[in-house]
Structures are given as C-alpha cells and as structure tokens.
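Below: one structure, written as structure tokens.
These values consider heavy atoms only, across backbone and side chains, with no hydrogens, waters or symmetry-generated copies. Residue indices begin at 1 and follow the sequence shown.
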Amino acid sequence: MKLNTIDYLAPDSAERFVESLRETGFGVLSNHPIQKQLVEDIYIEWYNFFQSEQKHDFLFKSETHDGFFPASISETAKGNNVKDIKEYYHVYPWGRIPDSLRANILAYYEHANTLAAELLSWIEKYTPADVAEKYSIPLPDMIAQSQQTLLRILHYPPMKGDEEMGAIRAAAHEDINLITILPAANEPGLQVKTKTGEWIDVPSDFGSIIINIGDMLQEASGGYFPSTSHRVINPEGTDKTKSRISLPLFLHPNPEVVLSERYTADSYLQERLRELGVI
C-alpha cells in the first residue's frame with residue numbers, strides 16, 4: 001500500500017482527497033495554492049533562527065505556550081518515556097514572534113488557514129449524510145477566527161550519534177486537533193501506520209502539502225475519519241548530517257464548538273493536555 005499524491009487542480013481532486021483521508025487518515029496534494037517560495041523562505045529564515053542564540057530570548061511561557069521550546073523540554077509522545085529529538089517554536093498571531101520573521105510566517109499562517117477551510121468544506125461535502133448530521137456546525141465554521149489554531153515550526157537537528165537509546169525525531173502519535181496541514185518538509189522521514197499495522201512513507205516531494213485527520217475530527221465524525229498514528233524516523237547515511245525543518249499547522253476549533261455528546265473542543269483539548277502532562 002502507498003499514499004498517492006492528488007493534483008489539487010484535477011476535477012475529481014476533492015472526492016479522491018476525502019477518500020484518501022477515509023482510508024488512511026492522510027491526503028497529499030500537489031499544485032495547491034500555497035507558494036513554494038514562501039515555504040522555502042520560511043525554512044531558511046527559521047533554520048537560521050534555530051542556529052542562533054536569539055531563540056533563547058523567546059523562551060515559551062507556560063501560561064500561553066507561545067515561543068521557543070528547547071530540546072531539553074521537548075515532547076514525549078503518549079505511551080513513550082523517551083523525549084523526541086527536536087526543538088520547536090509555537091506561533092499564534094497574538095503571540096510573540098521575532099520581528100524579522102513576522103511577515104512571512106503570518107502570511108503562511110493566513111494562507112494555510114484559508115486552504116484548511118476549503119479542505120474542510122471538501123470533507124463535509126463527501127461525508128455520508130448519516131455521518132455529516134453528527135457535525136454540530138459546518139466544519140469550516142468550527143475553525144473560523146479561532147485563536148487556538150497553532151503553527152509549530154519544528155527543527156530536527158542533525159544526528160550526533162549520542163542520542164538516547166530508542167529516541168527518534170518524533171515518536172508515533174496522533175494529533176489532537178481537527179486537521180493538520182503540513183508542507184512536505186525539506187527532508188524525508190514522515191511515516192503513517194496503515195490499518196494492517198505497517199509503516200509507509202508519506203510522499204515528501206517539495207511543493208506538495210500533507211493533510212491528516214486529528215482526534216477531534218475523528219470524535220466529531222463518530223470515528224468515520226480515522227486519526228492515524230504517524231512518526232518521523234531518524235535519517236540514514238548522509239542525511240544524518242542534515243537538519244530537518246517542518247511547519248505543521250494544527251487547526252483547532254473555537255473552544256465552545258460541540259464535537260460530540262461527550263465533548264466540546266475545549267473540554268477535549270484540556271483532557272488531552274492533562275494526559276500529556278502539559279497542564
């Protein structure tokens with residue numbers, strides 16, 4: 001089994017995209033409207049930021065969770081006890097952003113949010129009627145003007161050979177949010193787990209964009225759309241000497257949005273953050 005890249009401009013792209021999400025929890029699009037040059041510029045700008053001492057001036061605040069998260073306090077995936085090999089920066093439009101990096105990253109945030117709203121309308125259109133009636137409001141409306149949507153700039157540093165036993169760049173996990181949008185990174189390594197339990201590579205052709213289902217959409221659709229495990233494996237050979245930059249946008253509904261009889265978006269998020277030990 002493999003994940004196929006779907007041409008965003010093709011007449012049947014919406015239907016094929018939603019079919020891919022239903023089957024694997026993932027969809028990959030080429031020829032989408034987000035400019036390659038913007039993504040490339042962001043990779044270079046933020047790579048330089050992560051190499052600088054300036055990053056320590058923007059250390060995250062535990063109350064707001066915006067800013068820089070060093071590798072020493074990096075995430076430990078649910079069910080794991082070894083930290084991931086990464087550092088990252090949390091961007092919210094209301095949060096702290098270095099002035100020199102503000103224009104491009106906020107332009108990307110806006111473009112990716114616009115694309116996300118369109119893709120959520122595709123998902124809704126091709127959701128079976130008996131599943132769609134579970135949605136409390138239209139899917140694009142769930143994220144409209146949300147202050148919770150998080151853009152994370154990830155830096156996976158080169159491998160030095162002294163990494164903790166069992167540590168990988170990102171251990172297997174599922175995303176909490178509604179959907180995640182991710183430009184194909186500058187290096188391969190992202191894998192998704194299939195229904196049969198095998199790990200398959202997600203296409204990483206630069207210029208493609210990767211979308212995956214999060215736990216909140218799985219909850220809202222009564223399990224129709226699966227939030228599948230994915231991971232970032234360690235590189236082999238010469239790729240070990242390269243950094244990897246990644247730009248996932250985690251689309252979060254407004255806090256009061258009703259996901260199901262059991263949860264609002266806020267109650268779901270708080271429960272998961274407590275499980276992860278973040279709050």
(message) I'd like to know if Glu15 and Lys125 make a salt bridge, using a cut-off of under 4.0 Å between side-chain N and carboxylate O.
(response) no

(message) Salt bridge or not between Glu275 and Arg272? Use side-chain N to carboxylate O under 4.0 Å.
(response) yes

(message) Looking at Trp46 and Ile153, would you say the former's side chain and the latter's main chain have a donor-acceptor pair under 3.5 Å?
(response) no

(message) Name the residue from Thr24, Thr180, Asp175 that meets the side chain to side chain donor-acceptor pair (under 3.5 Å) definition with His230.
(response) Asp175

(message) Contact between Leu182 and Leu190 at the side-chain level, heavy atoms closer than 4.5 Å - yes or no?
(response) yes

(message) Please say yes or no: joined through hydrophobic side-chain contacts below 4.5 Å, possibly via intermediate residues, are Ile210 and Ile200 part of one cluster?
(response) yes

(message) I'd like to know if Leu269 and Val258 are part of one continuous hydrophobic network [Ile/Leu/Val/Met/Phe/Trp/Tyr, side-chain heavy atoms within less than 4.5 Å].
(response) no

(message) Is any side-chain heavy atom of Tyr126 closer than 4.5 Å to one of Arg22?
(response) no

(request) Sort out for me which residue in Asp215, Val257, Asn177, Leu273 forms a side-chain contact (heavy atoms from CB on, under 4.5 Å) with Tyr268. (result) Asp215

(request) Check step by step if side chain to side chain contact (heavy atoms under 4.5 Å, CB included) holds for Val91 and Leu101. (result) CA-CA 11 Å; Val91 166; Leu101 303 175; over 6 Å; no

(request) Determine the minimum heavy-atom distance between Leu178 and Leu217, stating which atoms define it. (result) O-CB, 3.3 Å

(message) Nearest 0.5 Å, please: how far is OG in Ser227 from NE2 in His173?
(response) 9.0 Å

(message) For Leu251 versus Asn113, what's the shortest heavy-atom pair and its separation?
(response) CD1-OD1, 3.3 Å

(request) Please tell me if the side chains of Asn212 and Val192 come closer than 4.5 Å, counting only heavy atoms from C-beta onward. (result) no

(message) Show the nearest heavy-atom pair for residues Thr264 and Glu256, with the distance to one decimal.
(response) CG2-O, 4.3 Å

(message) Quick check on the 6.0 Å ring-centre criterion: do Phe69 and His90 meet it?
(response) yes

(request) Can you measure from NE2 (His32) to OG (Ser13) and round to the nearest 0.5 angstrom? (result) 12.5 Å

(request) Find the distance between CD1 (Ile179) and CD1 (Ile181) and round it off to the nearest 0.5 Å. (result) 5.0 Å

(request) Answer whether the closest heavy-atom distance between the side chains of Ile176 and Met216 falls below 4.5 Å. (result) yes

(message) Starting from Ile143, can I reach Leu150 by hopping between I/L/V/M/F/W/Y residues whose side chains sit under 4.5 Å apart?
(response) no

(message) As an exercise, state the distance from CD1 of Ile123 to CG of Leu21, rounded to the nearest 0.5 Å.
(response) 5.0 Å

(message) So does Leu139 get a backbone contact from the side chain of Glu124, meaning a donor-acceptor N/O pair under 3.5 Å?
(response) yes

(message) Rounded to the nearest 0.5 Å, what separates atom CG in Leu38 from atom CD1 in Ile105?
(response) 8.0 Å

(request) Please test Ile209 against Val39 for side chain to side chain contact (heavy atoms under 4.5 Å, CB included), starting from the C-alpha separation and ending with a verdict. (result) CA-CA 11 Å; Ile209 201 153; Val39 174; over 6 Å; no

(request) Just do the side chain to side chain contact (heavy atoms under 4.5 Å, CB included) check on Gln147 and Tyr92 with the steps written out, would you? (result) CA-CA 7 Å; Gln147 299 298 300; Tyr92 296 96; over 6 Å; no

(request) Please assess His111 against Thr114 for the test side chain to side chain contact (heavy atoms under 4.5 Å, CB included), listing each intermediate value before the final yes or no. (result) CA-CA 5 Å; His111 294 325; Thr114 300; 5.7 Å; no

(request) Compare every heavy atom of Glu87 with every heavy atom of Ala71, then report the nearest pair and how far apart it is. (result) N-CB, 3.8 Å

(message) Tell me whether the count of non-hydrogen atoms from other residues, nucleotides or ligands lying under 6.0 Å of CD in Gln35 goes above 12.
(response) no

(message) Is there a side-chain contact between Phe225 and Gln218 in this structure, where contact means two heavy atoms from C-beta onward sitting under 4.5 Å apart?
(response) no

(message) If you count every heavy atom of other residues, nucleotides or ligands that lies below 6.0 Å from Glu118 atom CD, does the total exceed 12?
(response) yes

(message) Please give me the minimum heavy-atom distance between Gln148 and Pro255, naming the atom from each residue.
(response) NE2-CG, 4.0 Å

(message) How about CD on Gln145, more than 12 heavy atoms from neighbouring residues, nucleotides or ligands closer than 6.0 Å, or not?
(response) no

(request) Indicate yes or no: at least one non-hydrogen side-chain atom of Pro33 is less than 4.5 angstrom from one of Tyr8. (result) yes

(request) With the side chain counted from C-beta on, respond yes when Ser260 and Tyr263 share a heavy-atom pair under 4.5 Å apart, and no when they do not. (result) yes

(request) Compare every heavy atom of Tyr43 with every heavy atom of Pro183, then report the nearest pair and how far apart it is. (result) O-OH, 3.7 Å

(message) Cation-pi check for Tyr88 against Arg152: NZ or CZ below 6.0 Å from the six-membered ring centre and within 45 degrees of the axis, yes or no?
(response) yes

(message) Is it true that, when you exclude Tyr47 itself, more than 12 heavy atoms of the residues, nucleotides or ligands shown sit nearer than 6.0 Å to its OH?
(response) no

(message) For a 4.5 angstrom cut-off between non-hydrogen side-chain atoms, does Lys55 reach Tyr89?
(response) no

(message) Under a 3.5 Å distance rule, please check whether Asp205 uses its side chain to pair with a backbone N or O of Ala184 as donor and acceptor.
(response) no

(request) Using distance alone, with no hydrogens and no angle criterion, decide if Thr64 and Asp66 have a side-chain donor and acceptor under 3.5 Å apart. (result) yes

(message) With clusters defined by side-chain heavy atoms of hydrophobic residues (ILVMFWY) lying less than 4.5 Å apart, directly or transitively, does Val28 cluster with Phe250?
(response) no

(message) With rounding to the nearest 0.5 angstrom, report the NZ to CD distance, Lys193 to Glu174.
(response) 9.0 Å

(message) Please tell me whether Ile211 and Leu9 are part of a single hydrophobic cluster in this structure, the criterion being side-chain heavy atoms less than 4.5 Å apart.
(response) yes

